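I have placed the structure first, in the form of structure tokens, so that the comments after it can refer back to it.
Values in this document were obtained by computation on a predicted structure and should not be read as measured data.
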Protein chains: 2
Amino acid sequence: MATMRDVAIRAGVSIATVSFVVNNTKRVAPDTRSRIIEAMNELHYQRNVVARALASHRTRIIALLYPALDHRAGPTIMKFITKAASVAQERGYDFVLWPVSNDAKQMSHLLAGGLVDGVILMEVQINDARVDKLVESNTPFALIGRTHDESLPFVDIDFSTTLEQALDYFTELGHSHIAFVSERTPNSILDDIGPLVRTASAYRDGMVARGLEQVVVYCEGSPHDGRQAARDVLAADPETTAVIVMNENAAFGVVSGFKHAGLSVPEDVSVLSIATSSEMGALSDPILSTMNAPAAELGELGVAALIDLLEGTVEHPPHVLLACPLVLGESTGPAPDSAAVKRRST
Amino acid sequence: MATMRDVAIRAGVSIATVSFVVNNTKRVAPDTRSRIIEAMNELHYQRNVVARALASHRTRIIALLYPALDHRAGPTIMKFITKAASVAQERGYDFVLWPVSNDAKQMSHLLAGGLVDGVILMEVQINDARVDKLVESNTPFALIGRTHDESLPFVDIDFSTTLEQALDYFTELGHSHIAFVSERTPNSILDDIGPLVRTASAYRDGMVARGLEQVVVYCEGSPHDGRQAARDVLAADPETTAVIVMNENAAFGVVSGFKHAGLSVPEDVSVLSIATSSEMGALSDPILSTMNAPAAELGELGVAALIDLLEGTVEHPPHVLLACPLVLGESTGPAPDSAAVKRRST
DNA sequence: CTGAAAGCGCTTACAG
DNA sequence: CTGAAAGCGCTTACAG
């Protein structure tokens with residue numbers, strides 16, 4: 001590997017001057033510059049990013065702390081990553097994913113090394129030890145999601161509005177028995193998963209505001225448990241005609257569960273999966289109507305926020321909320337005739 | 001941030017000695033060592049990995065070139081990543097994912113910087129420009145998948161055996177009309193996607209060996225196209241009773257397609273999705289029988305191979321093939337009565 | 001068992 | 001517009 005020194009010698013200049021043209025950081029006489037560029041090409045010079053990082057106190061790498069260990073995956077997160085990576089690249093940063101568990105300790109180890117200039121945190125919890133560590137260690141970061149402290153900069157899904165729009169959609173179609181199926185919060189005392197807490201409370205508020213009766217069923221986030229959830233919904237209210245599901249895996253089971261109970265979707269019951277993607281919805285039969293997480297937008301805004309922070313060009317750290325747009329599939333439709341629904345319960 | 005120099009001063013030793021205890025790289029007198037450790041704790045010393053990398057010519061980082069830009073995701077790859085990361089950590093390496101397109105040029109840029117000691121490449125194609133670049137640039141690497149040059153070290157799924165076992169499974173259940181649905185190779189001239197090429201040819205060979213008639217249908221890798229594939233299968237052979245699907249997304253559509261054609265799964269037609277995961281299979285109704293990609297094993301072996309290579313402890317670079325174990329779901333069963341099947345075609 | 005010193009390949013005031 | 005030089009925080013022969 002040729003070094004800057006090799007280039008300097010070949011071009012007959014100092015390494016400082018080479019550095020100036022490599023980084024485009026100072027005015028250099030045109031012919032000097034072209035001699036240097038020629039030398040660089042001849043030697044296939046590539047700057048050593050490690051040395052640059054050490055000298056400049058910046059690595060120009062940002063990391064997404066990637067909770068792969070929780071086995072979250074799917075098209076939604078891929079879109080997020082894709083967009084985040086391309087935005088980072090446009091702004092001159094490398095973007096890496098760091099597969100870590102949601103564990104503050106492991107994270108600290110990684111950050112301490114000075115390998116990255118800043119991090120993007122996702123799956124943020126309402127009380128999140130990682131965020132505390134980040135603040136305390138003075139590491140620049142951007143949050144996809146919010147903690148209880150909403151004064152920190154964040155970019156998040158607007159779960160309240162999303163759920164409100166789901167309710168609007170169903171009530172306008174004539175539904176009045178609308179159930180809510182959500183992934184159970186792992187720790188019922190702490191209620192730490194923001195998206196679950198926020199959607200559930202938006203559902204409750206929205207139903208109260210509409211004078212409708214609430215039916216909330218919690219289940220694990222798997223298709224198998226979704227099937228049980230469908231049975232639970234029918235047990236709680238046999239006249240249910242619409243279900244909002246807050247877990248893309250459970251949604252599949254909810255549809256199956258209704259079918260196995262002898263109901264058809266959407267003729268007897270409509271199912272709407274929220275905070276997911278059309279790609280996931282398409283795996284179901286009937287294809288699910290979905291409210292899609294704005295993954296690309298979150299990726300773009302998150303990376304932009306972090307880089308703004310790093311470069312000190314930020315005026316107001318962002319507090320952005322984006323709702324999930326509704327994309328119709330085959331799993332929702334008008335409320336069935338109420339007499340027929342009543343008959344169901346007998 | 002405290003540096004090694006700070007620690008050395010506080011402990012009253014040279015920075016060389018501090019380095020020896022930090023890296024456990026040389027014998028140090030017990031009380032000197034404990035003085036140093038105490039100083040490190042008091043100062044919350046964390047080694048600067050960038051400086052270490054520059055001085056030692058090793059970053060102790062390995063990267064997975066992650067084709068996120070192709071929007072591949074899913075539980076399979078998550079398991080791969082999880083296992084790979086933990087194996088790397090056990091052996092003292094950091095493991096990062098580098099979201100890149102399948103593009104040799106972008107890859108070179110990343111490698112040239114000297115940020116990683118070696119890389120793991122996945123979604124390897126039969127003719128893969130990235131592999132050529134890697135060889136040419138002398139970058140240590142491990143392959144998940146194979147190129148045409150099987151003398152390079154690799155870890156891959158044994159597609160031939162997997163398909164052979166799928167055929168065995170079906171013939172033992174009494175099926176004789178077994179179709180194969182595969183994702184189309186994007187470039188039909190080059191036929192560059194190893195898994196698709198290898199499974200297809202194993203299917204052909206296996207059917208010939210059994211004296212059975214081949215039905216091969218290609219489609220895009222989406223549920224929608226899978227539905228069409230089901231129709232195509234029935235058009236090609238109305239007496240089909242079993243289908244092997246080589247694309248986990250299309251498999252959902254194949255099931256739907258049969259159902260929409262008035263056939264039930266598995267009573268009329270069995271569907272087996274290969275090179276996927278049970279988690280994906282569980283999203284379907286009926287739950288798919290699957291042959292599961294050995295993701296964790298691939299992750300473990302791939303990382304181990306790379307680190308062995310980096311540390312020069314390798315005897316024989318690996319050439320490992322692992323078959324996909326069969327996990328029964330609800331979508332396969334014995335061949336239906338042949339008279340009934342015949343009636344179907346009229 | 002410990003230390004002085006060179007060196008990794010850059011960046012960046014500073015001087016000219 | 002260009003260069004000499006210090007410095008980033010480590011590692012690693014080498015000497016003692």
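Rounding to whole angstrom units, CG of residue B:Asn23 and C1' of D:dT12 are separated by 11 Å. Computed from coordinates, the A:Leu54 CG to D:dC8 P distance equals 9 Å when rounded to whole Å. For the pair A:Arg47 CZ and C:dT12 P, the interatomic distance rounds to 11 Å; values are reported in whole Å. The CE atom of A:Met4 sits 5 Å away from the P atom of C:dC10 (whole-angstrom rounding). When rounded to the nearest whole Å, the span between NE2 of A:His57 and P of C:dT11 equals 12 Å. Rounded to a whole Å, the CG atom of A:Asn24 is 17 Å from the C1' atom of C:dC10. The nearest whole Å value for the distance from the CG atom in B:Asp6 to the P atom in D:dC10 is 9 Å. The separation between B:Met40 atom CE and D:dC10 atom P is 11 Å, rounded to whole Å.
How far CG of A:Leu97 is from CG of B:Leu64: 9.0 Å, rounded to the nearest 0.5 Å. A distance of 4.5 Å separates CG in A:Asp156 from CZ in A:Arg146, rounded to the nearest 0.5 Å. Rounding to the nearest 0.5 Å places CG of A:Leu298 at 11.5 Å from CZ of A:Phe154.
Here the side chains of A:Asp128 and A:Asp132 are not in contact, with every heavy-atom distance at 4.5 Å or above.
Judged as a side chain to side chain donor-acceptor pair (under 3.5 Å), not a single pair has a partner in residues 294-307 of chain A (not counting sequence neighbours).
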So which protein nitrogen or oxygen atoms get under 3.5 Å of nucleotides 2-5 of chain D's nitrogens or oxygens?
residue: D:dT2; atom: OP1; partner: A:Thr32; partner atom: OG1; Å: 2.2
residue: D:dT2; atom: OP2; partner: A:Ala29; partner atom: N; Å: 2.8
residue: D:dG3; atom: OP2; partner: A:Ser14; partner atom: N; Å: 2.9
residue: D:dG3; atom: OP2; partner: A:Ser14; partner atom: OG; Å: 3.3
residue: D:dG3; atom: OP2; partner: A:Thr17; partner atom: OG1; Å: 2.9

Once pairs are restricted to Watson-Crick or G-U wobble with both distances under 3.5 Å, how does DNA chain C read as a dot-bracket string, [ ] for crossings and | for other-strand pairs? |||.||||||||.|||
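Of the N and O atoms on the side chains of A:Asp149 and A:Ser151, at least one donor lies less than 3.5 Å from an acceptor on the other residue.
What you find for A:Val50 and B:Leu115 is that their closest heavy atoms are CG2-CD1, 4.0 Å.
The residue A:Ser19 sits close to a base: some heavy atom pair falls under 4.0 Å.
Between A:Asn48 and C:dC8, a side-chain N or O to OP1/OP2 separation shorter than 4.0 Å is absent.
A salt bridge is absent between A:Glu38 and A:Arg10: the closest approach of a Lys/Arg side-chain nitrogen to an acidic carboxylate oxygen does not fall below 4.0 angstrom.
Remark: B:Arg5 CZ is loosely packed, at most 12 non-hydrogen atoms of other residues, nucleotides or ligands lying under 6.0 Å away.
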